[in-house]
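To start, the structure itself, in structure tokens.
Both backbone and side-chain heavy atoms feed into the values below; hydrogens, waters and symmetry mates do not. In what follows, every chain begins at residue 1, and chains take the letters A, B, ... in the order their sequences are listed.
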2 protein chains.
Amino acid sequence: MTSIKDVARDVEMSTATVSRALRGLQGVSDETRARVLESSRRLGYVPSPSAAGLASGHTRTVAVIVPRVTQWFFAAIVQGAEEVLREHGYDLLLYNLAGDASARHRVFETSLLTKRVDAVLVFSLKPSPDELERLSHLGRPVTIVGADMPGWATVRIDDHEAAATATRHLLDLGHERIGYLGGATEGVLDFTAPSARLAGYRGSLEQAGVAQCPELEADGEFTVAGGLRASRDLLARPDRPTAIFAASDEMAIGTLRAARELGLRVPEDVSVIGIDDHEMASYFDLTTVSQPVHEQGRVAAAQVLAALGDEDWRPEQVILPTELVVRRTTSRPQART
Amino acid sequence: MTSIKDVARDVEMSTATVSRALRGLQGVSDETRARVLESSRRLGYVPSPSAAGLASGHTRTVAVIVPRVTQWFFAAIVQGAEEVLREHGYDLLLYNLAGDASARHRVFETSLLTKRVDAVLVFSLKPSPDELERLSHLGRPVTIVGADMPGWATVRIDDHEAAATATRHLLDLGHERIGYLGGATEGVLDFTAPSARLAGYRGSLEQAGVAQCPELEADGEFTVAGGLRASRDLLARPDRPTAIFAASDEMAIGTLRAARELGLRVPEDVSVIGIDDHEMASYFDLTTVSQPVHEQGRVAAAQVLAALGDEDWRPEQVILPTELVVRRTTSRPQART
DNA sequence: TTGAAAGCGCTAACAG
DNA sequence: CTGTTAGCGCTTTCAA
């Protein structure tokens, strides 16, 4: 394995100069730099990240902690982040919790990240006070995506407003019995979105003077299967809702499925709206409130990179816009036959 | 930042002993180990991976190269691999090519991986001869998932057989005009599956004595959008096929959509079958040939870990089983009205 | 613009 | 069972 010494010997210079030349530092003559570059290419020299990291204190690696890569939403954020990181020569260390509490514990509590990464990106997880404590002890830039955490650098949408938009869309169409599919507001994979969306839903009903029915709020676990399960119950009720607002497109897709199983037509018998604009949403003709998923990953990555390059960088809270996308799963309620 | 020296000083032992105790090596008295453990916990000591890597030559990190994490199929493989790696204390470095040729070039050609990882997992990409050359120069275990690469450690399904199973299912139902949706058999995101599946399709037709129609073979790019596009053409033909076999579920989902747009009923007017058993497949009632996606990731990770622990480990070719899953998008062809 | 020297924090022989 | 001694391959002062 060829090392920096081999290159130094080859160009008859010190390793210090070779190092400087290779990293593009100034104070190296053009001629020397050219010779170093040529030599290291010829010798097939590749610097050792371990050695560089040990000596410099930077690993040029960023940790990305994500609830579950198999969900399109999270994967899309990761992809956005990966692009930006790669463009800047940073590597991405993926920690996929996959609903495993012990995995979560290991990543956060055992300080797995210490001395290992230059920055941390936390996606769609609401760190516990304890975990936040650990994160801040890292002394490294941290950006949290999808959660509202005052004092921390965050990137998210206005979840309350997104939910309100969806609910208002249904209200405007004339619906009054509107079911809600959300998820646990506490737990291993918690983030602040579920509670904010629930509040947005309730708030809109209230503002419209529509009675709130606790029995129309169900837990869809933010998955297709969960949405299917919860919708079956909701739609099998004698006083079933004329519309369902699912706080995520995956749950909405579950709802579409439940409706079909029960022989209900969408949107004639029941309107369905989601949030996200999932990649599959258009194939289901799903009306939804879109959010810039990929972009959130990009912005988050850009944020920690900026922090890395700027001593007195202050945490920023970035809120990205959402937009109502009307497709064909929502319409005016039909008179019940 | 507390280092191993601090712990050594605290327990009044050498750093070597502390290192041994912490790594669980034998030849350390129980009492010493206990004291070291207690001390490092109390002092909040966390070893530096850079230093350990530099000294030992192992980074306890594995690179995972994937075409596109946002596709469920790839994300599921990654998740499988991540689980196994994490269980063994390895970190996962994610390289998401996302159709970007320059990204691919950088990862493979510029020896990004050298000195950075202990092993490499390549998912659903067929490395070029040049890339294989680089990979073997790494001198590290490499496992390739989803491609048939003699001489290399691989994990995959029998793509030819999976395609044949799907085609035979349609033939058995009585279909004779069977469209095929595949993808480029060369290109940035190539792997060997597309050609093997196409061959499986053609072979089955031939064996059944059914005429092959080149005009019924289309490129669906292995995506929903591509499948939709290609199916629109196929299904708009006056002599449209009575069934379509899509070489991936995502393309099959695109086909379902195209059928709906054209006012064709599935399966009455056109039968549709895919391959994968995508997480969404059951919600579309899609008949498919399932493959153990998650498991392929697990096996691949287990394979490189085994290689890492065994000097004279030989590359193995693992082939995982597939199974026909009949749902409701396939049936006997109807007499054309 | 370049070099010498001193680590970074750990592991790996080799002794004892 | 434990310690000593060398590094691993870079980066970073400090000089020149």
Side-chain angles (χ1 to χ4, degrees), chain A residues 1-37 39-40 43-61 89 91 111-118 139, chain B residues 1-37 39-40 43-61 89 91 111-118 139-140 308:
Chain A
M1 203 87 289
T2 120
S3 87
I4 199 172
K5 275 190 192 166
D6 300 309
V7 178
R9 197 175 305 124
D10 186 62
V11 297
E12 296 175 303
M13 294 260 160
S14 70
T15 60
T17 300
V18 173
S19 173
R20 286 189 277 251
L22 255 20
R23 282 179 297 152
L25 299 188
Q26 50 194 194
V28 178
S29 75
D30 288 354
E31 200 222 318
T32 301
R33 192 185 305 276
R35 283 177 50 219
V36 168
L37 256 29
S39 169
S40 46
L43 268 37
Y45 168 63
V46 182
S48 153
S50 295
L54 181 56
S56 70
H58 320 298
T59 59
R60 293 195 77 77
T61 300
D91 276 331
S111 317
L112 243 196
L113 307 168
T114 326
K115 301 180 186 171
R116 196 165 221 325
V117 296
D118 293 345
Chain B
M1 201 86 293
T2 121
S3 87
I4 198 170
K5 275 189 190 167
D6 301 309
V7 178
R9 198 175 305 122
D10 186 63
V11 297
E12 296 177 301
M13 293 260 162
S14 70
T15 61
T17 299
V18 172
S19 173
R20 287 189 278 250
L22 256 20
R23 283 179 295 152
L25 299 188
Q26 49 194 195
V28 179
S29 76
D30 289 353
E31 200 221 315
T32 301
R33 192 184 306 275
R35 284 177 49 220
V36 168
L37 256 29
S39 168
S40 45
L43 269 38
Y45 168 64
V46 183
S48 153
S50 294
L54 182 56
S56 70
H58 319 299
T59 58
R60 293 197 76 79
T61 299
D91 276 330
S111 316
L112 244 196
L113 307 169
T114 325
K115 300 180 187 169
R116 197 166 219 324
V117 296
D118 292 346
R140 306 240 171 232
L308 245 19

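Counting heavy atoms from C-beta outward, Met1(A) and Thr114(B) have side chains that approach closer than 4.5 Å. Between Thr32(B) and Val11(B), the closest side-chain pair of non-hydrogen atoms is not below 4.5 Å.
Atom CZ in Arg60(B) sits about 15 Å away from atom C1' in dC10(C), given to the nearest Å. Rounded to an integer number of Å, the gap from CG of Leu43(A) to P of dG9(D) is 15 Å. Rounded to whole Å, atom P of dA16(D) lies 20 Å from atom CE of Met13(A). For the pair Ile4(A) CD1 and dT11(D) P, the computed distance is 5 Å after rounding to whole Å. Rounding to whole angstrom units, NE2 of residue His58(A) and P of dG9(D) are separated by 21 Å. The nearest whole Å value for the distance from the NZ atom in Lys5(A) to the C1' atom in dA4(C) is 13 Å.
Arg35(B) and Ser39(B) share no donor-acceptor pair across their side chains, judged by distance under 3.5 Å alone.
Note that CG of Asp10(B) is 5.0 Å distant from CG of Leu43(B), once rounded to the nearest 0.5 Å. Annotation: the span from Ser48(B) atom OG to Arg116(A) atom CZ amounts to 9.0 Å, rounded to 0.5 Å.
Within the 4.0 angstrom heavy-atom criterion, base atoms lie near Arg20(B). Residue contacts for Ala16(B): at a heavy-atom cut-off of 4.0 Å it reaches a base atom on one of the strands shown.
Nearest-nucleotide mapping onto DNA chain D: of Ser14(B) and Ala52(A), the residue sitting toward the 5' end is Ser14(B). Across the interface with DNA chain C, nearest-nucleotide mapping of Ser50(B) and Arg23(B) shows Ser50(B) to be the residue nearer the 5′ end.
Residue Ala55(A) places its side chain closer to dC10(D) than to any other of dT4(D), dC10(D), dC10(C).
Near DNA chain D, defined here as any heavy-atom distance below 4.0 Å, there are no residues from residues 28-36 of chain A.
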